[in-house]
Novice: 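Take a look at the following structure, please.
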Amino acid sequence: MTEQDCIFCKIGKGEAPSTFLHRDDRCFVIRDIHPKAPIHLLVIPLRHITAVAGLAAGDELLVGHLLTVAGQAAKREGLAENGYRLVVNQGVDGGQEVAHLHVHVLGGRRLGAMG
Ligand code: 5GP
Ligand code: ZN
């Protein structure tokens with residue numbers, strides 16, 4: 001998938017509709033269109049990075065920023081007390097559907113064991 005037809009790039013550029021819960025110069029937060037938990041957010045970098053495998057030296061601050069924004073968004077959604085789960089899928093076996101790095105924030109119910 002190229003950057004041109006990447007849905008998350010389009011949303012980031014305002015070329016596809018979505019409601020931003022947060023937006024800054026490096027990333028944005030939206031609700032997942034098919035939520036797998038009562039609260040299901042996506043933290044998405046503006047830069048088109050395919051996935052964890054697309055990260056390079058120098059991206060450490062961006063990755064830290066994504067996790068920090070994820071924690072702040074979770075807190076705003078009222079998830080801080082009971083907890084939540086952050087998920088980053090990588091590739092086919094990881095169940096990645098959109099080839100643009102993103103952090104899932106899942107909460108609002110007791111999540112089952114992973115596997
Ligand atoms: P992945 O499986 O790649 O880790 O997760 C991609 C997620 O993006 C899925 O949970 C899917 O529901 C969500 N998604 C795909 N297209 C859109 C969209 O156009 N808008 C929003 N808000 N979420 C999307
Ligand atoms: Zn993209």
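Order of appearance sets the numbers: ligands from 1, and atoms from 1 within every ligand. Please read all numbers here as calculations on a predicted model, not as lab measurements.
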Novice: Check for me whether the distance between the ring centres of His100 and His102 falls short of 6.0 Å.
Specialist: no
Novice: Output the atom name for the N/O/S atom of His100 with the smallest distance to the Zn ion (ligand 2).
Specialist: ND1
Novice: More than 12 heavy atoms of other residues, nucleotides or ligands under 6.0 Å from NZ of Lys13: is that the case?
Specialist: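 Atom NZ in Lys13 is packed in, count exceeds 12.
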Novice: Counting only heavy atoms and a distance below 4.0 Å, can you name the residues contacting ligand 1?
Specialist: Ile7, Phe8, Ile11, Ile30, Arg31, Asp32, Ile33, His34, Lys36, Leu42, Asn89, Gly95, Gln96, Glu97, Val98, His102, His104
Novice: Begin with the C-alpha distance, continue with both residues' side-chain angles, and end with the deciding distance and a verdict on salt bridge (Lys or Arg N to Asp or Glu O under 4.0 Å) for Asp59 and Arg47.
Specialist: CA-CA 11 Å; Asp59 287 332; Arg47 217 176 94 214; 3.0 Å; yes
Novice: If only side-chain N and O atoms count, and only distance matters, is there a donor-acceptor pair under 3.5 Å linking Asp32 with His34?
Specialist: no
Novice: Which distance, rounded to the nearest 0.5 Å, do you find between the CZ of Arg31 and the CG of Leu41?
Specialist: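 One gets 6.0 Å once the value is rounded to the nearest 0.5 Å.
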Novice: Output all residues satisfying ring pair (Phe, Tyr, Trp, His ring centres under 6.0 Å) with His65, sequence neighbours left out; order by chain, then residue number.
Specialist: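 If we apply the ring pair (Phe, Tyr, Trp, His ring centres under 6.0 Å) test to His65, skipping adjacent residues, there are no hits.
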Novice: Kindly report the SG-the Zn ion (ligand 2)-SG angle for Cys9 and Cys6 respectively, rounded to 10°.
Specialist: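 That angle is 120°.
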Novice: If Ile, Leu, Val, Met, Phe, Trp and Tyr residues are connected whenever their side-chain heavy atoms lie under 4.5 Å apart, and connections chain through other members, are Phe28 and Leu101 in the same group?
Specialist: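 No, because Phe28 and Leu101 fall into different hydrophobic clusters, even though each may have its own neighbours under 4.5 Å.
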Novice: Tell me, which N, O or S atom in His48 is closest to the Zn ion (ligand 2)?
Specialist: ND1
